[in-house]
Amino acid sequence: MNAATRELVPGVASILRALTPRAWVDDAVANMPVLLVDHANCEKKAASTALALMFAYPDDEPLVLALSRLAREELRHHEQVVRAMAALGVRFTRQPPGRYAQELRALLATSDPQRKLDLLLCGALIEARSAERFQLLAPRLPRPLASLYESLAVSEARHFELYLGFAQAGAPLEWRRRLGRLAGREAELATNPDPMLRFHSGPLARAARG
């Protein structure tokens with residue numbers, strides 16, 4: 001892992017209430033085809049999330065411009081993952097969605113301005129968790145996949161800072177309180193046993209292990 005990637009840990013960990021269990025990393029390495037398919041889906045979802053925020057808050061020009069750049073970058077990441085899958089002989093298959101994003105978004109406020117803040121904080125948490133997991137996976141993977149994951153860790157940490165920065169600027173007195181509630185649930189979803197392995201899931205539940 002290069003120096004730039006190692007330096008990400010303190011910033012990313014600043015909003016995560018719990019670190020990823022070693023068991024999840026072991027499960028991911030043992031099931032990389034499943035993880036890569038979900039990873040490709042996650043990159044598409046990240047671009048879609050940025051676009052949805054642009055449409056929801058078109059009057060916030062700085063946010064719109066930042067998210068436009070972010071969406072393009074996420075789509076490039078999707079293309080990189082698809083190419084990596086092809087190189088490894090991993091075919092795309094449809095997967096049922098995991099519980100992580102759906103259950104995290106269930107906590108979001110339903111009206112503004114609280115909803116906008118929650119969406120930004122949710123984005124920050126997801127990107128921070130992604131950066132952390134790329135960091136953990138990269139040393140366990142062969143190149144060139146390891147190199148891709150090292151570079152993605154850097155990008156996701158930057159995206160985390162972008163979302164968090166807009167949340168802090170938009171609600172300087174409230175963001176910490178709202179983050180606490182969301183971060184607590186995010187930590188549960190990322191660490192508790194899960195029936196399906198996904199990029200943002202917990203470790204596989206005992207009954208789900210082959």
Side-chain angles (χ1 to χ4, degrees), residues 8 11-20 24 38-60 62-75 77-78 95-135 152-192 194 196 198-202:
L8 291 176
V12 165
S14 66
I15 69 167
L16 298 178
R17 290 289 183 87
L19 299 181
T20 290
W24 180 89
D38 188 57
H39 178 189
N41 286 331
C42 286
E43 298 292 357
K44 287 188 290 185
K45 291 174 187 174
S48 176
T49 295
L51 291 171
L53 278 166
M54 290 171 63
F55 280 103
Y57 305 104
D59 54 324
D60 189 339
L63 179 65
V64 167
L65 292 175
L67 291 176
S68 178
R69 292 189 291 270
L70 188 150
R72 293 197 299 273
E73 187 173 7
E74 299 288 17
L75 288 175
H77 292 169
H78 170 70
Q95 294 177 333
R99 64 186 182 180
Y100 177 90
Q102 181 178 3
E103 295 199 21
L104 191 56
R105 290 177 68 88
L107 297 179
L108 304 185
T110 57
S111 59
D112 287 318
Q114 291 81 11
R115 182 168 179 80
K116 182 180 182 182
L117 174 60
D118 282 0
L119 285 166
L120 292 170
L121 292 174
C122 185
L125 285 165
I126 293 172
E127 298 287 351
R129 183 63 67 186
S130 297
E132 182 224 19
R133 292 194 165 180
F134 286 132
Q135 289 177 308
L152 292 179
V154 175
S155 298
E156 302 305 282
R158 179 164 33 81
H159 297 169
F160 140 69
E161 292 172 346
L162 184 151
Y163 277 115
L164 185 61
F166 276 107
Q168 291 170 331
L173 301 180
E174 191 178 359
W175 72 271
R176 289 185 187 278
R177 180 182 64 82
R178 292 299 299 169
L179 176 63
R181 181 166 180 252
L182 293 170
R185 182 60 179 145
E186 191 280 338
E188 292 175 352
L189 292 167
T191 60
N192 289 346
D194 206 298
M196 296 185 295
R198 296 292 182 264
F199 197 86
H200 295 97
S201 72

- Test side-chain hydrogen bond (donor to acceptor under 3.5 Å, both in side chains) applied to Gln95 - qualifying residues, sequence neighbours left out: none
- Quick one: list whatever passes side chain to side chain contact (heavy atoms under 4.5 Å, CB included) with Ala169, sequence neighbours left out. none
- Task: Identify, with sequence neighbours excluded, every residue that meets ring-ring contact (aromatic ring centres under 6.0 Å, His included) alongside Tyr100.
- Result: His200
- Query: Do Trp24 and Asp194 come close enough that some side-chain heavy atom pair is under 4.5 Å?
  - Reply: no
- Message: Looking at every heavy atom in both Gly170 and Pro172, which two are closest together, and how far apart are they?
- Response: C-CD, 3.7 Å
- Taking the side chain as every heavy atom from C-beta outward, state whether Leu51 and Met54 have any pair of such atoms under 4.5 Å apart. yes
- Query: Which heavy atom in Glu156 sits nearest to a heavy atom in Ser130, and how many Å separate them?
  - Reply: OE1-CB, 3.9 Å
- Query: Nearest heavy-atom pair of Ala131 and Ala153: which atoms, and what distance?
  - Reply: CB-O, 3.7 Å
- Query: Between the main-chain N or O of Leu107 and the side-chain N or O of Arg181, is there a donor-acceptor pair closer than 3.5 Å?
  - Reply: yes
Enumerate, atom names and distances included, each donor-acceptor pair closer than 3.5 Å involving a side-chain atom of residues 112-124, sequence neighbours excluded.
residue: Asp112; atom: OD1; partner: Tyr57; partner atom: OH; Å: 2.8
residue: Asp112; atom: OD1; partner: Lys116; partner atom: N; Å: 2.9
residue: Asp112; atom: OD2; partner: Tyr57; partner atom: OH; Å: 3.3
residue: Arg115; atom: NH1; partner: Ala109; partner atom: O; Å: 2.8
residue: Lys116; atom: NZ; partner: Asp60; partner atom: OD2; Å: 2.7
residue: Asp118; atom: OD1; partner: Arg178; partner atom: NE; Å: 2.9
residue: Asp118; atom: OD1; partner: Arg178; partner atom: NH2; Å: 3.2
residue: Asp118; atom: OD2; partner: Ala109; partner atom: N; Å: 2.8
residue: Asp118; atom: OD2; partner: Arg178; partner atom: NH2; Å: 2.3

- Query: Where is the tightest heavy-atom contact between Glu73 and Ser155, given as atom of each residue plus distance?
  - Reply: OE2-OG, 3.3 Å
- Charged N to carboxylate O under 4.0 angstrom, Arg177 versus Glu174? yes
- Query: Are His78 and Glu74 linked by a side-chain donor-acceptor pair shorter than 3.5 Å?
  - Reply: no
- Message: If the condition is side chain to side chain contact (heavy atoms under 4.5 Å, CB included), which residues does Leu162 pass it with, not counting sequence neighbours?
- Response: Ala66, Leu67, Leu70, Phe166
- Under 3.5 Å donor-acceptor, Arg198 side chain and Pro96 backbone: yes
- Task: Would you mind reporting whether Ser201 and Met196 have side-chain heavy atoms less than 4.5 Å apart?
- Result: no
- Item | From Ile15 atom CD1 to Arg176 atom CZ, the distance as rounded to the nearest 0.5 Å | 11.5 Å
- Task: Report yes if some heavy atom in the side chain of Lys45 is under 4.5 Å from a heavy atom in the side chain of Ile126; otherwise report no.
- Result: no
- Item | Main-chain N/O of Ala187 paired to Thr191 side chain as donor or acceptor, under 3.5 Å | yes
- Does some side-chain heavy atom of Leu53 sit less than 4.5 Å from a side-chain heavy atom of Tyr163? yes
- Query: Considering residues at least two apart in sequence or located in another chain, which fulfil the side-chain hydrogen bond (donor to acceptor under 3.5 Å, both in side chains) criterion with Arg129?
  - Reply: Thr20, Glu132, Glu186
- Message: Looking at every heavy atom in both Cys42 and Phe199, which two are closest together, and how far apart are they?
- Response: SG-CB, 4.2 Å
